[in-house]
Amino acid sequence: MSCEIQEKSRVGTINPIFTCQPAGAQFASIGIKDCIGLVHGGQGCVMFVRLLFSQHFKESFEIASSSLHEDGAVFGACHRVEEGVDVLLMRYPHIKVLPIISTCSTEIIGDDIDGVVKKLNEGLLKEKYADREVHLIPIHTPSFVNSMIGGYDITVHDFVKYFSKKGTPNFKINLITGWVNPGDVKALKHLLAEMDIDATVLFEIESFDSPLMPDGSAISHGNTTIEDLTDTANAQGTIALNRYEGGKAAKFLEKRWDVPAIIGPTPIGIRNTDIFLKNLKQMTGKPIPQSLVKERGRAIDALTDLTHMFLAEKRVAIYGAPDLVIGLAEFCIDLEMKPALLLLGDDSTQYKDDPRLVAMKENVDWEMEVITNADFWELEDRIKNKGLQLDLILGHSKGRFISIDYNIPMLRVGFPTYDRAGMYRYPVVGYEGATWLAEQMANTLFTDMEYKKNKEWILNMW
Ligand code: SF4
């Protein structure tokens, strides 16, 4: 019995788990107030990403494209960035932040977006927009390496690097949430409020669950301001919840501005939420209040009702964003479940040394595989041809057909989730998230028991 961590051996990808780096840059950008990203590439690089955001959040987001065409792909298209910036500034008088996000095509042809930014700063902005605060930030996200996860990490870093500036201490902490849902942000803010901690939640997307107002306005935007980003250099410390989605920025703040950083663990499950609260206590000196001890107790009570009877020994496959997958796997192990397969969908070389995966490799006593650079065929092939028996799949909506075709119950979690209603509203982090996840896993299994007439009578006795 063992846990193997290995890269997919096949060349090529059949049904990818992730989309590309610029998607991550676009997600980080929509977390900033008064910001519209300008993606330098073909229109599809924006259209499909916007569609994913809209499908997942059921909201509309504004992202621009330089709309590269054949001539630009051959002769270069920096002029389209120049025109695009001008048009955006004319059309949207409130915009202050304009990241220029590169793509695979514009990186390959070598369009110099740093040079364009310099030219615009010295020309157009001085001549035509001298009375406006405008920040043009080049973001390099060639999509032939890494994935949307790396793109998010790079962009968060680049924004923080651009804006952070030493001033007077603000006695706050920086909280970099990573790529989460509005429900997660709400749950994290609740934990901070209970501990009476003043935090700057960065790339804050709570309002992506936005109200439809009487005047008809419904466009969502993030809440992180330029001032928030500038002030990151003056915080007591930074906690980045995810190693691969914000860890780079936390390290930068520590190195450049001496702001101590704690990276991880992703607070999924009881164990990791406990560590998160202890980290908050260590960083701020604030005690963990009785209200959270009670909340933890309620969560443990809920889990105890489910674990032994329904969740223990269940074999599960998990795919999606690495910190989410690893956090979910740790939680499943704590619930006595048996993660059999973890799929991490990009070519990052860091996974094999991730201490959380190394700990699983050393400690699990059942057959478990962790596949990096994985695609959905890695899951399907094992089920179809190699006898992999699963009780449950955890992952986003792109894997739904494997669940349907092979009759394996699946709980939707991660991004994008568009085939179940309102999932973005619920947290997976904190004690609240632990309860929600465990109960949803159990309910998914209950429905499957009924559908397959598999010991469904137990539900009468429980
Ligand atoms: S892979 Fe390249 S062309 Fe395709 S969406 Fe991503 S950046 Fe655009």
Side-chain angles (χ1 to χ4, degrees), residues 8 10-31 35-57 60-81 83-85 88 98-114 116-117 137-159 179 244-245 319-322 343-348 372-377 396-398 414-416 418:
K8 164 173 67 79
R10 258 175 310 117
V11 175
T13 296
I14 304 171
N15 296 333
I17 290 172
F18 289 154
T19 186
C20 52
Q21 284 214 91
Q26 292 171 64
F27 191 77
S29 300
I30 59 176
C35 170
I36 293 185
L38 174 60
V39 180
H40 186 31
Q43 275 184 201
C45 309
V46 170
M47 198 206 106
F48 294 113
V49 173
R50 275 191 82 210
L51 180 64
L52 284 181
F53 295 162
S54 298
Q55 281 188 300
H56 180 87
F57 294 109
S60 186
F61 298 92
E62 290 179 319
I63 309 168
S65 168
S66 65
S67 191
L68 190 82
H69 287 178
E70 298 95 321
D71 57 342
V74 175
F75 301 114
C78 285
H79 63 286
R80 294 192 77 94
V81 175
E83 286 164 29
V85 168
L88 279 169
L98 234 157
I100 318 287
I101 300 163
S102 70
T103 57
C104 53
S105 51
T106 51
E107 287 285 347
I108 286 175
I109 62 177
D111 266 6
D112 179 12
I113 56 170
D114 298 77
V116 176
V117 165
I137 306 162
I139 310 273
H140 291 273
T141 44
S143 47
F144 34 79
V145 289
N146 216 292
S147 68
M148 62 192 205
I149 305 300
Y152 182 89
D153 199 38
I154 286 168
T155 309
V156 168
H157 167 269
D158 288 0
F159 276 123
W179 193 319
Y244 304 106
E245 297 161 20
Y319 61 83
L343 298 176
L344 309 177
D346 63 36
D347 58 359
S348 166
T372 65
N373 206 13
D375 56 15
F376 279 119
W377 179 246
H396 58 69
S397 298
K398 291 285 175 189
F415 177 93
Y418 45 77

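Indexing begins at 1, ligand by ligand and atom by atom, following the structure's order. Fair warning: this is a prediction, and the values are worked out from it, not measured in the lab.
Note on ring orientation: taking the six-membered ring where Trp is involved, the planes of His396 and Tyr319 are perpendicular (angle over 60°, cut-offs 30° and 60°).
In this structure, CD in Glu245 is found 9.0 Å from CZ in Phe27, a value given to the nearest 0.5 Å. Put simply, CZ on Phe53 and CD1 on Ile30 are 4.5 Å apart, with the number rounded to the nearest 0.5 Å.
Using 4.0 Å as the threshold, Pro22 has a heavy atom nearer than that to some atom of ligand 1.
Side-chain contact check for Ser143 and Gln21: no donor-acceptor pair (N or O, by modelled atom type) lies under 3.5 Å.
Taking backbone and side-chain atoms together, Cys45 has an N/O/S atom less than 2.8 Å away from atom 8 (Fe) of ligand 1.
Listed by atom number, the atoms of ligand 1 under 4.0 Å from Thr103 heavy atoms are 7 (S). Heavy-atom contacts of Cys20 reach the following atoms of ligand 1: 1 (S), 5 (S), 6 (Fe), 7 (S) (cutoff under 4.0 Å).
Taking atom 2 (Fe) of ligand 1 as the reference point, the nearest protein heavy-atom neighbour is Cys104 SG, 2.2 Å. Atom 7 (S) of ligand 1 has as its closest protein heavy atom Ser143 OG, 3.2 Å.
Listed by chain and residue number, Arg10 satisfy the salt bridge (Lys or Arg N to Asp or Glu O under 4.0 Å) test with Asp375 (two or more places apart in sequence, or in another chain).
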